[in-house]
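In listed order, ligands and their atoms are each counted from 1.
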Amino acid sequence: MTSPSSQENDPMPFSAMGLSDSVMQALSDVGYETPSPIQAATIGPLLTGRDVLGQAQTGTGKTAAFALPILSGLQPGQDKAPRALVLAPTRELAIQVAEAFQRYASYMPGFHVLPIYGGQGYGPQLNALKRGVDVVVGTPGRVIDHLKRGTLRLDRLEWLVLDEADEMLRMGFIDDVEWVFENTPPERQVALFSATMPNAIRRIAKTHLRDPAEVTIQTRTTTADNIRQRYWIVGGGISKLEALTRLLEAEPFDAMIVFARTKKATDELAEKIAARGYACAALNGDIVQAQRERTIAQLKSRQIDVIVATDVAARGLDVERISHVINFDIPHDSESYVHRIGRTGRAGRAGDAILFATTREKRLFKNIERATRQAIEPMDMPSMAAVNAQRVERFKQSMTDTLEAGGLEQFTELVEAYRAEHNVDPIQLAAALARLAQGNEPLTLGATSTDGAAQADDKDGAAQADDKTAGGGKKAAKHKSTTDDSNMETFRIEVGRQHGVAPRNIVGAITNEAGVDSQHIGRIAILDDFSLVDLPQGMPDDVFAHLKTVWVANRQLAISRVENSAGASASDPRSKSGRAKDKPRQSKPSKKKNKPAAKKSKKKPKT
Ligand code: AMP
């Protein structure tokens with residue numbers, strides 16, 4: 001059995017693997033830093049024409065492990081019949097794999113990949129097959145249908161991939177798979193991936209694969225017991241970003257390292273965390289060594305509290321004050337997991353590791369648990385009440401600190417004089433000063449005034465998920481936005497509920513196409529066949545003209561200004577749309593509401 005080279009400290013970089021220039025270009029765009037273990041182990045053999053039998057599950061990067069070598073050896077449009085066929089158990093996986101091929105082939109003009117699966121009409125599939133495709137990704141049943149009808153030919157096939165073979169077995173596709181094998185040219189190269197290796201799969205491999213390179217990802221199994229490990233399954237209307245925001249606020253931490261998969265993702269996430277008021281920096285392989293060292297020095301000296309890193313950039317990182325490791329993106333394998341969480345619990349201190357996993361990644365997560373032979377506890381995201389309780393605690397702490405720091409003589413005199421002049425209750429007076437110190441920002445989430453009560457429940461917390469990206473809930477719509485309405489203008493866009501639009505689509509389009517920071521997008525009201533959105537006044541003409549043509553939910557925005565909107569907002573669409581029956585379904589509070597109260601200093605408040 002071949003042990004993957006990536007188990008060593010330095011996996012061979014993509015650039016040394018012999019992948020084609022166009023594939024390398026696409027890889028640089030997607031921002032993968034190094035091959036995942038399954039990629040390190042299979043790309044080489046596949047490029048040299050060997051069959052591969054790989055034990056790996058979704059989330060390990062196995063799609064790229066077969067797609068990259070196939071694309072490297074493929075001349076698009078050489079033949080109308082496909083040169084590669086990938087069999088996948090489900091429609092979702094087939095689509096996902098086809099999308100991955102498309103992404104990795106973005107520098108291969110004329111390349112065509114076609115997902116084919118049951119439940120979809122034959123028409124589009126037939127047309128595409130007639131025009132010619134390079135790669136077909138399909139579920140076994142539908143592939144066989146096409147083969148039997150003669151609409152899919154496999155006589156030019158060079159690569160056959162079985163993805164999630166054990167799932168196909170479980171779903172009763174095994175005879176179909178055999179049938180496909182028998183109807184492909186004997187010299188085709190085969191890559192078979194399976195999370196487990198039941199006998200039936202071994203038998204297929206034995207019958208149809210020629211001297212395959214066998215790849216199993218070996219796992220290191222030591223995690224320190226001074227690290228508390230928890231996981232959260234993404235869901236409940238809370239996005240990963242929102243979850244991270246809540247952790248930053250409610251989880252007492254000293255310094256935190258957040259792991260993301262790609263270089264690009266580290267940059268984007270670091271920016272978002274910084275925008276929420278935390279001293280944060282990205283650490284990835286694109287950042288020059290001197291800068292990386294500076295960042296680590298800043299982390300040590302408490303100028304930075306949060307680092308968003310890729311696995312490679314964080315290798316060997318040893319900073320005692322890292323109290324928390326967040327696996328924002330699940331690692332490819334348990335060894336990376338062990339390495340990642342080992343960034344905390346240094347020098348015998350206690351540490352915390354939190355893993356975010358999507359439902360699809362559950363199996364990978366279970367695998368990590370099995371390999372490390374340690375249970376990872378489930379956790380609930382801190383509720384809005386918990387976030388608020390933390391804010392109140394921090395506020396009280398800042399009072400204590402101020403009292404302890406002393407030097408209050410001048411203010412004591414002033415307050416005494418005021419009380420004597422106005423004869424007010426000292427508690428009321430202190431409360432007025434506290435409000436003054438807090439400024440306009442509400443102290444707690446969901447509060448309509450800054451009186452400090454943590455009244456909101458968890459439902460409200462979920463309703464405010466991820467600013468605009470997850471949309472606001474009913475309750476959120478009731479809260480008064482802190483966006484200054486007088487600087488906002490209301491726009492109408494011709495895409496509404498019946499077109500299936502969600503607030504996040506609108507925010508995405510406006511941030512990407514108009515360069516408006518999502519923070520400056522005000523309320524969004526989605527109505528039946530159009531929507532209203534509040535944007536800062538003074539949108540440049542060219543941006544306005546461009547936004548008219550942008551597509552969202554298959555429709556152009558055709559944005560227009562709502563007359564007399566100054567001072568009003570999308571929260572009251574009836575006042576200007578004349579469609580009183582169209583109640584807004586979604587509206588969202590200003591992003592500022594989600595900001596921690598005591599964050600003005602760019603430095604994480606004491607927790
Ligand atoms: P898969 O196991 O193929 O479903 O891949 C899981 C996820 O890992 C996908 O989101 C890929 O885009 C991502 N991915 C694949 N290879 C790499 C890599 N070398 N570095 C970082 N991310 C990767």
Side-chain angles (χ1 to χ4, degrees), residues 4-7 10-17 19 23-24 26-44 46 52 54-71 86 88-90 92-106 113 115 137 161-167 191 193-195 215 217 234 240 259-269 282 284-286 308-315 327-337 339-340 355-365 367-368:
S5 58
S6 63
Q7 300 303 306
D10 272 311
M12 180 189 272
F14 281 120
S15 57
M17 291 182 142
L19 293 164
V23 164
M24 285 307 298
L27 274 182
S28 142
D29 281 0
V30 290
Y32 299 163
E33 201 160 42
T34 44
S36 71
I38 189 77
Q39 291 161 3
T42 56
I43 290 177
L46 284 177
V52 164
Q55 204 167 338
Q57 45 285 131
T58 299
T60 53
K62 69 177 159 48
T63 315
F66 59 80
L68 303 179
I70 290 177
L71 289 171
V86 181
T90 62
E92 288 72 28
L93 186 63
I95 294 173
Q96 199 179 302
V97 169
E99 282 170 356
F101 264 99
Q102 199 63 63
R103 201 163 48 241
Y104 303 137
S106 52
V113 56
V137 188
V161 179
L162 266 62
D163 201 358
E164 301 197 357
D166 51 352
E167 274 299 293
F193 292 96
S194 199
V215 174
I217 306 306
V234 182
K240 289 209 272 189
F259 280 96
R261 267 206 178 143
T262 64
K263 291 180 270 191
K264 228 187 193 161
T266 59
D267 287 333
E268 287 168 6
L269 196 53
N284 63 49
D286 273 357
V308 188
T310 54
D311 291 274
V312 173
R315 187 173 293 154
N327 285 285
F328 189 84
D329 292 328
I330 194 167
H332 285 302
D333 60 292
S334 41
E335 190 178 2
S336 318
Y337 177 79
H339 180 269
R340 283 180 179 189
L355 170 71
F356 293 176
T358 62
T359 328
R360 257 195 91 77
E361 292 161 343
K362 252 186 188 161
R363 202 147 70 156
L364 192 58
F365 148 70
N367 240 40
I368 291 175

Considering the heavy atoms of [X], write down every atom of ligand 1 situated less than 4.0 Å from one of them.
X	answer
Thr60	2 (O)
Ser36	19 (N)
Phe14	19 (N)

Short N or O distance, Gly61 and ligand 1, threshold 3.5 Å exclusive: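 The answer is yes, given that Gly61 and ligand 1 share an N or O pair closer than 3.5 Å.
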Below 3.5 Å, N or O to N or O, backbone or side chain included: is there any such pair between Thr262 and ligand 1?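 No - when backbone and side-chain N and O of Thr262 are compared with those of ligand 1, no distance drops under 3.5 Å.
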Testing Leu71, Ile43, Asp163, Ile38 for side chain to side chain contact (heavy atoms under 4.5 Å, CB included) with Phe66, which one passes?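 Of Leu71, Ile43, Asp163, Ile38, side chain to side chain contact (heavy atoms under 4.5 Å, CB included) with Phe66 is met by Asp163 alone.
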If you measure from each non-hydrogen atom of Phe193 to ligand 1, which part falls under 4.0 Å: side chain, backbone, both or neither?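 The answer is neither.
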Mind checking whether Val30 contacts ligand 1 via backbone (N, CA, C, O), side chain (CB onward), both or neither, at a 4.0 Å heavy-atom cut-off?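 Neither; nothing of Val30 gets under 4.0 Å from ligand 1.
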Any Thr34 heavy atom less than 4.0 Å to ligand 1: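 Yes, Thr34 has a heavy atom closer than 4.0 Å to ligand 1.
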Only heavy atoms count here, so choose which of Leu93, Thr310, Thr63, Val97 is nearest to atom 3 (O) of ligand 1.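 The nearest heavy atom belongs to Thr63.
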For atom 20 (N) of ligand 1, which of the options Tyr104, Tyr32, Phe66 provides the nearest non-hydrogen atom?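 The nearest heavy atom belongs to Tyr32.
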All ring pair (Phe, Tyr, Trp, His ring centres under 6.0 Å) counterparts of Phe328, not counting sequence neighbours: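 With sequence neighbours excluded, Phe328 shows a ring pair (Phe, Tyr, Trp, His ring centres under 6.0 Å) to Phe356, given in chain and number order.
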Donor-acceptor check, side chain of [X] to backbone of [Y], threshold 3.5 angstrom: yes or no?
X	Y	value
Lys263	Ser28	no
Glu33	Gly285	yes
Ser36	Thr60	yes

Hey, what do you get for OG1 (Thr310) to CZ (Phe259), rounding to the nearest 0.5 Å?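 Interatomic distance, Thr310 OG1 to Phe259 CZ, rounded to 0.5 Å: 8.0 Å.
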Applying salt bridge (charged side-chain N to carboxylate O under 4.0 Å, His left out), can you list everything that pairs with Asp329, at least two apart in sequence or on another chain?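 Once residues adjacent in sequence are excluded, the partners of Asp329 under the salt bridge (charged side-chain N to carboxylate O under 4.0 Å, His left out) criterion are Lys240.
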